[in-house]
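Report on the structure given below.
Computed from heavy atoms alone, side chains included, the values below leave out hydrogens, waters and symmetry copies. Just follow the structure's listing: the first ligand is 1, and inside any ligand the first atom is 1.
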Amino acid sequence: MIRKEQIYEGKAKKVYSTDDPELLIVSYKDDATAFNGLKKGTIAGKGVINNKMSNLMMQYLEKKGVPTHFVEELSDRDTLVKKVSIVPLEVIVRNISAGSFSQRYGVDEGIVFDEPTIEFSYKNDELGDPLINEYHAKALKIATEKEIETIKKYAFKINDELKNFWKGCGITLVDFKLEFGKLSDGSIVLADEISPDTSRLWDSETGMKLDKDRFRRDLGGVKEAYGEVMKRLLENI
Ligand code: TMP
């Protein structure tokens, strides 16, 4: 499959059209940003790791019954995906308090919840991805009630599957962000990526952060943490 023209450049990925109007190529960059692009950097080799990891995770989830945009890994950084229209919601599932949850509600990080939580942000950089509830999403015609129900069902299923998978790798899945898209027939599939950029992953024994918080918080050892997660994933998949 040949890349035709670049149709979009995001913070961590570029998207290209292909000869097939139903397919796109996603190309993963080493660029990293945080705080809505205020903090910028690069993490050498991140694009290669995130591409491979996201593809393995999507294939794993497909086997468990979650439809995804994944079609085929083309190279270290490039993957063929189904063209979707992205539902402009960032879907965040949390098992343990951390990050903006801890800040917003004034609680320590590391509180294990009895049940996972879900929240939505309206994907809009100019507005700073504000939190949004289901009524607002319906009012703004971002998604229908049925689509929101499907997204919630998939998000919790993905949490169950990924929590279990990472546990086998000695990693605790703290929280993560998902994005969903609509195929031309209107069906909802998991899109975007699943990686240490979009998840919080803590070593189950030591609590060491093995994700993008190392970059966001200047903790050092960012590249090594991504490498460690990838190594454990490959040993367990
Ligand atoms: P938060 O605690 O900052 O809201 O982040 C929750 C999860 O979502 C965390 O695993 C990181 C991920 N995330 C993204 O993937 N993209 C984003 O823009 C933000 C803010 C968080």
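Between the side chains of Thr42 and Asp30, no donor-acceptor pair of N or O atoms lies under 3.5 Å.
Glu147 and Lys153 are not joined by a salt bridge, as no carboxylate oxygen comes within less than 4.0 angstrom of a charged side-chain nitrogen. We find that Lys52 and Glu73 are joined by a salt bridge, their nearest charged nitrogen and carboxylate oxygen being less than 4.0 Å apart. Comment: Asp160 does not engage Lys157 in a salt bridge, judged by the lack of any side-chain N to carboxylate O separation of less than 4.0 angstrom.
Of the protein's non-hydrogen atoms, the one nearest atom 8 (O) of ligand 1 is Lys177 CB, 3.4 Å. Among protein heavy atoms, atom 7 (C) of ligand 1 sits closest to Asp175 OD1, 3.5 Å. Protein heavy atom at the shortest distance from atom 5 (O) of ligand 1 is Arg200 NH1, 3.4 Å.
No part of Lys212 comes within 4.0 Å of ligand 1, judged by heavy-atom distances.
Aromatic rings of Tyr60 and Phe70 (six-membered ring for Trp) have centroids beyond the 6.0 Å cut-off, not under it.
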Discussion item. Test side-chain contact (heavy atoms from CB on, under 4.5 Å) on Ile7 and Leu24; report intermediate values, then the result.
Written reply: CA-CA 9 Å; Ile7 53 173; Leu24 298 174; 3.6 Å; yes
Worksheet entry | Worked verdict on Asp31 versus Lys40 for salt bridge (Lys or Arg N to Asp or Glu O under 4.0 Å) | CA-CA 7 Å; Asp31 297 349; Lys40 288 191 175 71; over 6 Å; no
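For ligand 1, the atoms closer than 4.0 angstrom to any heavy atom of Gly99 are 2 (O). Listed by atom number, the atoms of ligand 1 under 4.0 Å from Thr198 heavy atoms are 10 (O), 12 (C), 15 (O). Near Ser199, with a cut-off below 4.0 Å to any heavy atom, the atoms of ligand 1 are 10 (O). Atoms of ligand 1 found under 4.0 Å from any heavy atom of Asp197, numbered from 1 in the order shown, are 15 (O). Within ligand 1, counting atoms from 1 as listed, the ones closer than 4.0 Å to a heavy atom of Ser100 are 1 (P), 2 (O), 3 (O), 4 (O). When each atom of ligand 1 is checked for a heavy atom of Phe176 under 4.0 Å away, the hits are 10 (O).
At least one heavy atom of Arg216 sits closer than 4.0 Å to an atom of ligand 1. Within the structure, ligand 1 lacks Gln103 among the residues with a heavy atom less than 4.0 angstrom away. Heavy atoms of Val174 come nearer than 4.0 angstrom to ligand 1 in no pair at all.
A cation-pi contact, defined as under 6.0 Å to the ring centre and within 45° of the axis, links Lys138 to Tyr135. Note that Lys46 lies outside the cation-pi zone of Tyr28, set by a 6.0 Å cut-off to the ring centre and a 45° limit from the axis.
Sorted by first and then second residue, the salt bridge (charged side-chain N to carboxylate O under 4.0 Å, His left out) pairs with a member in residues 124-133 read Lys11-Asp125; sequence neighbours excluded.
Protein heavy atoms come within 4.0 Å of atom 14 (C) of ligand 1.
Among Arg104, Glu179, Glu90, Glu119, the residue whose heavy atom lies nearest to atom 18 (O) of ligand 1 is Glu90.
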